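Starting off with a structure, shown below.
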There are 2 protein chains.
Amino acid sequence: MRDPASKKDVALEDMASGCVGCVTRSLCLGEGLNQQQLKGLERIITIRGPYRTGQAIYRLEERFNSLFIIRAGTVKTESVSQEGNNLVDGFFFQGDVFGMEAIGSATYEHDAVALEETWVCELPFEQFESLCQFVPRLQHKIMLLFGQKMRHTNQSIVHGRCQSVEQRLMGFLRMLCQKSVLQDEKCRSSVQLVMTKGDIASYLGLRPESLSRALRKLQSRGIIRNHGKRVEVLNVSAVSSEVCK
Amino acid sequence: MRDPASKKDVALEDMASGCVGCVTRSLCLGEGLNQQQLKGLERIITIRGPYRTGQAIYRLEERFNSLFIIRAGTVKTESVSQEGNNLVDGFFFQGDVFGMEAIGSATYEHDAVALEETWVCELPFEQFESLCQFVPRLQHKIMLLFGQKMRHTNQSIVHGRCQSVEQRLMGFLRMLCQKSVLQDEKCRSSVQLVMTKGDIASYLGLRPESLSRALRKLQSRGIIRNHGKRVEVLNVSAVSSEVCK
DNA sequence: TTAACGAATTGATCTTGGTCACCGAATGGG
DNA sequence: CCCATTCGGTGACCAAGATCAATTCGTTAA
C-alpha cells in the first residue's frame with residue numbers, strides 16, 4: 001500500500017474534476033443525467049480527499065448532513081455492539097453511496113473509515129432532496145438505490161443466516177470479485193484484500209478464528225488459495241454459483 | 001379469531017374512506033400533508049381487502065407495480081432460501097409500508113401473506129414517484145421511511161447476530177408490544193400472537209424447537225408467561241431495556 | 001362427538017462455531 | 001534497526017443451537 005507505482009495512488013487531477021468529467025460517473029447517481037442536470041449535481045457536491053488508511057470520513061453521533069459517494073478507494077462502516085465490540089456493517093467501493101442509514105436521523109449511525117487512500121463526493125442531503133424536486137431522474141435513481149440496498153441486505157444478511165460459514169464466505173468473495181472487476185479490468189480471479197481478516201469476519205458474523213478455518217477448508221477443497229492479503233479464486237464457477245456446498 | 005365481537009372484525013365503513021378521513025393516517029405516509037396533498041394521494045391509492053388469513057396480497061415473481069400500506073391487520077413477507085425452506089423476512093402492522101424491497105426490480109422479491117383479516121392501500125409506485133415531484137413533503141417522508149427501514153434492519157438483524165437467542169427474542173417481543181400498543185390502547189403487557197411460532201422462529205433465524213426452549217427459559221426467569229398464542233410480558237422493564245442478560 | 005392434521009413442546013444427541021491459549025509474521029513508530 | 005503491537009493462523013476444548021424422534025395440544029372437518 002506504500003508502493004508509489006500502485007494503482008491506488010490516484011492522479012490528483014482526476015480527483016479535481018466535477019461530475020461532468022468524472023471517471024466514476026457511470027457508477028454514480030449522475031448516470032443517465034444530461035449535461036445541465038449534471039451541472040446541478042456538481043454544484044452541490046464537494047470533493048473530499050485524500051483520506052488515508054484508518055482515517056474517518058464521519059463518526060458515530062456526528063450530525064448527519066450528507067451522503068457520500070466513493071470516487072476512489074474503499075470504506076468500511078462500523079458500529080459498536082451492546083457488548084462493546086466493533087461490528088463491521090458494510091464495505092463500500094468505487095461508485096457506492098454510504099451514509100444512507102442516517103437519513104431521517106439527526107446523527108450518523110456508524111463510523112465510516114477509509115481502508116486505503118480514498119476520495120469521496122460529499123452530497124449534502126437537504127440540497128439533494130431539493131434538487132430531486134427538479135430532476136425526476138435523480139429522484140428515481142435514489143429510490144432505485146434504496147431498493148437495491150434493501151435487496152442486497154436481505155440477500156446477504158437475512159439469507160446468510162441459514163447458510164453455512166463457507167457459503168457466506170463464498171458469497172462475500174463473489175461480491176468482492178464483482179466490485180474489484182469494476183476497479184481493475186484484469187485478474188478477476190484474484191482479489192487484493194484491502195480490509196483485515198478481522199473486519200471480514202465481523203462483517204460475516206464470525207470470529208477471526210472461524211474465518212481462518214473456513215478459508216482453510218475452501219482451500220483444501222481446491223476452490224481458493226489464501227495468501228495472506230491476497231485471495232485467489234481457483235474455481236470461479238463454484239464461487240459464482242449461488243447454490244453451493 | 002372467529003370471535004364476532006373481536007376488534008379484528010373491522011367495520012366496513014372505516015375501510016371505505018379515502019386518505020382524508022383515514023383512521024390510520026397518523027401512522028401513514030400521509031401524515032403531515034394538507035387537505036389538498038392528501039387528495040392527491042387519495043386519487044392514486046386503491047383500497048384492497050378484506051384479505052383472509054393465509055391469502056397473498058402479492059406473490060414472488062409477480063410484476064412489481066405498487067407499494068402497500070396496512071390499514072388494518074397484519075402481513076408477513078416470506079421468501080424461499082436456497083435449501084428450499086420458507087424464510088420469513090418481515091412482519092408488518094397497521095401503518096407499515098411493505099413491498100419496498102422490490103423497488104428497482106421488475107418483480108416482487110417475496111410472498112406477502114395476510115396473517116389475519118387485513119385491509120391495505122395499494123400505492124402504484126410510478127404514480128407515487130410523479131406525485132413526489134409535486135409534493136416535497138411526500139418525497140421527504142418516503143426518504144425518511146427508507147432510512148428508518150435500513151436502521152431497523154441493521155439494528156435487529158445485523159446486531160442480532162451477536163446476541164443470544166434470548167436477547168433477540170426479547171427484542172422481538174419489545175417490537176411486538178410497541179406495534180400492538182398502536183393498535184390497541186389497553187393491555188400493553190400481553191400480546192396476542194397472530195403469527196405462528198414457526199414464523200417467529202424463522203424470522204429470528206432459529207428452529208421452532210430453539211424458540212420454544214428460549215420462551216421456556218424466559219418464563220422460568222419470570223420475565224414472560226407463554227400461553228400458546230398469547231404471551232404475557234411480566235417484567236416489562238427487562239424486555240424494554242436494551243441491554244439485557 | 002370423534003378423527004385427523006398441523007403446531008407446539010420436550011428430550012437425547014450431534015455439529016458448528018465460539019472460546020482460550022499460544023505462536024509466528026507483518027507493520028509501524030522511535 | 002529494533003521493539004511493540006496488531007494481525008493471522010493453529011490446536012484443544014466447550015457450549016449454543018440444530019437435528020431427530022416422540023408426544024401433546026388445538027383446530028378444523030367429518
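Order of the sequence lines sets the chain letters (A, B, ...), proteins ahead of strands, with each chain counted from 1. Only a predicted model underlies this, so the values are computations on that prediction, with no experimental measurement involved. Keep in mind that the numbers below use all heavy atoms, side chains included, and drop hydrogens, waters and symmetry copies.
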Checking all strands, does B:Leu206 fall into the base, sugar-phosphate, or nothing category for heavy-atom contacts under 4.0 angstrom? sugar-phosphate
Have a look at A:Arg216 and say if it touches a base, only the backbone sugar-phosphate, or nothing, with a 4.0 Å heavy-atom cut-off. sugar-phosphate
Among D:dG8, C:dT10, C:dT19, which nucleotide has an atom closest to any side-chain atom of B:Ser212?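 Side chain of B:Ser212 sits closest to C:dT10.
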Among D:dG9, C:dG17, D:dT19, the nucleotide that comes nearest once only the side chain of A:Val165 is considered: C:dG17
Nearest heavy-atom contact between A:Asp111 and A:Leu60 is OD1-N, 2.7 Å
Nearest-Å distance for atom pair CD/C1', residues B:Glu209 and D:dA16: 14 Å
Nearest-Å distance for atom pair NZ/C1', residues A:Lys197 and D:dT10: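 These atoms are roughly 14 Å apart.
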In whole angstroms, the gap separating P of D:dT6 from CG of A:Asp199 amounts to 14 Å
Protein-nucleotide distance (A:Leu115, atom CG; D:dT6, atom P), rounded to Å: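 It works out to 18 Å between those atoms.
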Using a 4.0 Å heavy-atom cut-off, does A:Gly54 contact any base of the nucleic acid, only the sugar-phosphate backbone, or nothing at all? nothing
Could you tell me whether B:Arg151 and A:Glu101 make a salt bridge, using a distance below 4.0 angstrom between a side-chain N and a carboxylate O?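 Result for this pair is no, no salt bridge flagged.
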What is the distance, rounded to the nearest whole Å, between atom CZ of A:Arg161 and atom P of C:dG17? 15 Å
If you count every heavy atom of other residues, nucleotides or ligands that lies below 6.0 Å from A:Glu61 atom CD, does the total exceed 12?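 For A:Glu61, atom CD is not crowded (no more than 12 foreign heavy atoms under 6.0 Å).
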Is the closest basic N to carboxylate O distance between B:Glu166 and B:Arg221 below 4.0 Å? yes
OP1 or OP2 of D:dG9 versus the side-chain N and O atoms of A:Asn226: is any pair under 4.0 Å? yes
Is there, by distance only and without an angle test, a donor paired with an acceptor across the side chain of A:Arg213 and the base of D:dG8 below 3.5 Å?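 Counting by modelled atom types and ignoring angles, no donor-acceptor contact under 3.5 Å is found here.
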Starting at atom CD of B:Gln219, determine the distance to atom P of C:dA8, rounded to an integer number of angstrom. 15 Å
Using a cut-off of less than 4.0 Å, is there contact between a side-chain N or O of B:Ser210 and OP1 or OP2 of D:dG17?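 Looking at the OP1 and OP2 atoms of D:dG17, neither is under 4.0 Å from any side-chain N or O of B:Ser210.
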Of the candidates C:dA8, D:dA18, D:dG9, the side chain of B:Thr196 sits closest to C:dA8
Tell me the interatomic distance from A:Lys217, atom NZ, to C:dG17, atom P, rounded to whole angstroms.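 One finds 7 Å between P of C:dG17 and NZ of A:Lys217, rounded.
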Does A:Glu78 pair with A:Lys76 as a salt bridge, N-O distance under 4.0 Å?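 A salt bridge is present here (some side-chain N lies under 4.0 Å from a carboxylate O).
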Could you tell me how far apart A:Leu211 (CG) and C:dT16 (P) are, to the nearest whole angstrom? 17 Å
